[in-house]
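Residue numbers start at 1 and run along the sequence shown. In listed order, ligands and their atoms are each counted from 1.
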Amino acid sequence: MRHAEWNQVELTVGQLAERSGVAISALHFYERQGLIHSRRTSGNQRRYRRETLRRIALVKIAQRVGIPLAEVRAALDELPNNRMPTRADWERLSQQWHDELELRIKHLEQLRDKFTDCVGCGCLSIDRCRMANPYDELADHGAGPRRLLERSAPKC
Ligand code: FES
């Protein structure tokens with residue numbers, strides 16, 4: 001297979017797979033999910049605009065951090081289809097995700113930093129639970145790891 005030339009405007013599915021590092025079967029899946037789009041040649045072969053590589057990069061990174069595909073699709077749907085998205089288009093997309101991403105970052109930080117402490121989940125299984133969640137009092141605040149879920153978790 002020929003590598004895509006840097007100035008090639010459209011890519012075959014093989015070139016798209018090679019450059020993106022995503023298997024052809026996954027690209028077809030992305031297309032069925034409406035995450036990427038192609039046109040058909042007269043010989044019924046798919047051709048993808050080069051900017052599809054950027055969409056795929058976004059999908060891959062979003063998947064890595066656990067953003068559901070439906071949310072990714074909704075975000076990508078905001079990009080213009082009739083022209084190549086500009087930096088301003090991508091910036092708008094990023095801003096729409098800002099709050100969601102901030103929350104995810106916070107949760108990832110909690111996972112990294114807070115799981116050595118009591119998370120208020122009701123297990124009462126580590127020594128800190130006795131102080132941080134005596135008698136599982138946090139159950140009164142609702143289900144789940146209350147010390148992680150509540151923005152201003154009760155200080156113990
Ligand atoms: S870690 Fe579960 S209640 Fe403390």
Should the pair Asp89-Arg92 be classified as a salt bridge under the 4.0 Å nitrogen-to-oxygen rule? yes
Using side-chain contact (heavy atoms from CB on, under 4.5 Å) as the criterion, point out the one residue from Cys123, Ser125, Cys118 that pairs with Cys121. Cys123
What donor-acceptor contacts under 3.5 angstrom involve side-chain atoms of residues 54-69, with partners at least two apart or in another chain?
from	atom 1	to	atom 2	distance (Å)
Arg55	NE	Glu51	OE1	3.2
Lys60	NZ	Ser20	O	3.4
Gln63	OE1	Tyr30	OH	3.0

Would Thr52 and Leu11 count as a side-chain contact (heavy atoms from CB on, under 4.5 Å) here? Give the steps. CA-CA 9 Å; Thr52 306; Leu11 306 180; over 6 Å; no
In total, how many protein N/O/S atoms does one find closer than 2.8 Å to atom 2 (Fe) of ligand 1? 2
Got Phe29 and Leu35 here, is their nearest side-chain heavy-atom distance under 4.5 Å? no
Looking at Glu102 and Lys106, is any side-chain nitrogen of the basic one under 4.0 Å from a carboxylate oxygen of the acidic one? no
